[in-house]
Number of protein chains: 2
Amino acid sequence: MQVFRNKLSQYVRLADDAWLPIKELDQRTETFEAGEDLIVAGQDANEIFILQTGWALRYRLLEDGRRQIVNFMLPGDVFDLQSLADLQADHTVTAITDCDVTVIPARPFVRMLRDSTRIAAAFWWAAVQEESILREQIVRIGRRSARERIGHMLLELHRRYAGATGEETDELVMPVTRADIADALGLTPVHVSRTMSAMRRSGLIAEERGSIKLLDRARLARLSHFDTDYLHLKKLNLLTHGLSSNHTAPATALDAD
Amino acid sequence: MQVFRNKLSQYVRLADDAWLPIKELDQRTETFEAGEDLIVAGQDANEIFILQTGWALRYRLLEDGRRQIVNFMLPGDVFDLQSLADLQADHTVTAITDCDVTVIPARPFVRMLRDSTRIAAAFWWAAVQEESILREQIVRIGRRSARERIGHMLLELHRRYAGATGEETDELVMPVTRADIADALGLTPVHVSRTMSAMRRSGLIAEERGSIKLLDRARLARLSHFDTDYLHLKKLNLLTHGLSSNHTAPATALDAD
DNA sequence: CGCCCCGTTGAGGAGAGTCAATGGCTGTGG
DNA sequence: CCACAGCCATTGACTCTCCTCAACGGGGCG
């Protein structure tokens, strides 16, 4: 649960004992190997997942074999909250690397949410952020050039990764192929390769064996119009500056009265 | 509230008295004129909206003036559930036509959700469906040709419109310009115009004064790979065939035990 | 009546796609 | 320990979808 708390602590402060209810849940930890499916399109889903280590991705396959990656899942990410509605998944989630995942059955989870306002709020933040990521993905694919798309996505992944792990380097260990990037950004592998080569030549990034170094984040951000605050990180400042030091979440509509 | 119930009744059955709690809320109805903003990017949001009549759209503006429409809102649609987390909006919602909107303050709304499991489940369905729409939008923009995008979106809007109003015609009264379609689909107005002209010539659609007629839905669906079930309508059949006649929602994880 | 917005159409251009060949790595098996 | 297979990134040449610029025309409205 630590990664998830790391991620949340960017937004809300949570006392240690606020987490007790979730620890009492009937959860288990599963390990998936790289390439394994966590969720399969068309199957019923009634568990929620919290990614502890590793990377995963969510995609849809078109009839003719085209693939669109909807988003990437990093440590600390929660999915599929939608399974609480007891629906069939309309997409597949696959492990990119080996993954440790906490699996919680939907029913007890929901019961706990009802009992613990604090935790419900925390998960609501996570869900809101996920939707925000989807919207950003739409803007990225719909209205940006290849170079902007790639730069923008690298910055987003870097930020999310740093947020979850607590690290702060320019290095991004990213276990994805050109084909993955292409399928995420609506491009072809060939064009991704060309574009990233150009970015390398102009000193924006450097690569070695699955690791990308963001050499000039400021320039990259300017160039791809990346808004550092888009993941609601503004809230972070609000919180750290605006609250007394007791370890409670700020008042939101989700708090009990 | 009627449209929203129409929409939901595609998925779940709800007894009349299940709606009482929502009627007791401190809600109000507002009217927005075409072109007015319901939600403005950067402003705090702590109300949720239910669109009763009219069309609205949600968009993001890039620094250089490019616009990306994230999705369209039709009668019966609920937004922004994310305001429950008390965040600043990262996008703008504008009325395309005159709109009647039910506005509910977030706090009492959340209190009601906690007390009424049935209604909470209903809104959860709505939220899940909205996310599903966003994902479909990503696939559409990322991996489809101009003709597929347009055909696919027309079919989606038609289906959603029919679902909300209960009508079932081939006519879709769609108050959007070529520029709107272009900004939704990551194209230019010029290219949208060309593509739709071609679709008209090949007998797929017909247009007159803001109304589009889908002349051959089957062919259009085949051509744009539209999956009729993507809005979780499969569930509808499950429900109508699999339930006894008492007017209750099916059991989901969201139901109380 | 005249303006403005919108849709349409044409001509030319550019960004991204397709097809195909090459070369580096990694893992495996003889 | 080396040879070979398979996957992946890269690069070149060519193509095509979609974009840009621009002109024209129709309909609504003051």
Side-chain angles (χ1 to χ4, degrees), chain A residues 33-35 57 62 64-69 94 96-98 140-154 174-202 205-213 223-224, chain B residues 33-35 57 62 64-69 94 96-98 140-154 174-202 205-213 223-224:
Chain A
E33 282 176 36
L57 52 80
L62 304 201
D64 53 8
R66 285 177 288 183
R67 179 179 70 147
Q68 175 64 45
I69 293 176
T94 302
I96 310 182
T97 64
D98 293 351
R140 193 153 53 198
I141 301 180
R143 279 288 175 246
R144 297 190 197 278
S145 70
R147 195 179 59 171
E148 289 173 324
R149 291 185 210 184
I150 294 173
H152 197 277
M153 188 174 82
L154 290 179
M174 199 172 79
V176 300
T177 65
R178 305 279 118 129
D180 291 330
I181 300 178
D183 284 343
L185 298 178
L187 301 168
T188 54
V190 175
H191 197 61
V192 169
S193 171
R194 275 193 240 277
T195 308
M196 289 185 70
S197 298
M199 293 170 81
R200 244 180 284 127
R201 275 194 296 277
S202 56
I205 60 174
E207 281 184 285
E208 49 180 284
R209 291 184 298 103
S211 160
I212 297 183
K213 195 170 238 162
L223 210 139
S224 43
Chain B
E33 282 177 35
L57 53 80
L62 303 201
D64 53 8
R66 286 177 288 183
R67 180 179 71 147
Q68 176 64 45
I69 293 176
T94 303
I96 309 182
T97 64
D98 294 351
R140 193 154 51 199
I141 302 181
R143 279 287 175 249
R144 295 191 198 279
S145 70
R147 195 180 60 171
E148 289 172 325
R149 291 185 209 183
I150 294 173
H152 197 277
M153 188 174 81
L154 290 179
M174 200 173 77
V176 300
T177 65
R178 305 278 118 131
D180 291 331
I181 300 178
D183 284 343
L185 297 179
L187 300 168
T188 54
V190 175
H191 197 61
V192 170
S193 170
R194 275 193 239 278
T195 308
M196 290 184 71
S197 298
M199 293 170 81
R200 242 180 285 126
R201 276 195 295 278
S202 57
I205 60 174
E207 283 183 284
E208 50 179 285
R209 291 185 295 103
S211 160
I212 298 183
K213 194 170 240 163
L223 217 139
S224 42

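Note that the structure is predicted; figures quoted are calculated from it, not measured. Lettering of chains follows the sequences in order, A, B, ..., and the numbering in each one begins at 1. Basis for what follows: all heavy atoms, side chains included, without hydrogens, waters or symmetry-related copies.
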Discussion item. Counting only heavy atoms from other residues, nucleotides and ligands, does the tally under 6.0 Å from CZ of A:Arg67 exceed 12?
Written reply: yes
Item to complete: To the nearest 0.5 Å, tell me how far A:Leu223 CG sits from A:Ser202 OG.
Response: 7.5 Å
Worksheet, complete the sentence: To the nearest 0.5 Å, atom CD1 of A:Ile181 lies from atom CD1 of A:Ile69 at 9.0 Å
Worksheet item: If every non-hydrogen atom of B:Ala184 is compared with every non-hydrogen atom of B:Gln68, which pair is closest and at what distance?
Response: O-NE2, 3.0 Å
Worksheet entry | side-chain N/O A:Arg209 vs C:dT26 OP1/OP2, d < 4.0 Å | no
Fill in: Under 4.0 Å protein heavy-atom contacts per nucleotide of nucleotides 10-17 of chain C, with B for base, S for backbone only and - for none
BB----BS
Worksheet item: Does a side-chain N-to-carboxylate-O contact under 4.0 Å join B:Arg143 and A:Asp183?
Response: yes
Practice prompt. Apply side chain to side chain contact (heavy atoms under 4.5 Å, CB included) to the pair A:Met196 and A:Ile212, showing each step before the final yes or no.
Written response: CA-CA 11 Å; A:Met196 289 185 70; A:Ile212 297 183; 4.0 Å; yes
Discussion item. Just verifying a value: how many Å separate B:Ile96 CD1 and B:Leu57 CG, rounded to the nearest 0.5 Å?
Written reply: 4.0 Å
Practice prompt. Taking heavy atoms of chain A and a 4.0 Å limit, find me the 5'-most and 3'-most nucleotide of DNA chain D within that range.
Written response: D:dA9 to D:dA13
Worksheet item: Angle, rounded to 10°, between the helical axes spanning five pairs at each terminus of the helix from C:dC1-D:dG30 to C:dG30-D:dC1?
Response: 30°
Worksheet, complete the sentence: In this structure, CD of A:Glu207 is separated from CE of A:Met199 (nearest 0.5 Å) by 9.5 Å
Worksheet item: If you round to the nearest 0.5 Å, how far is CG of B:Leu154 from CD1 of B:Ile205?
Response: 6.0 Å
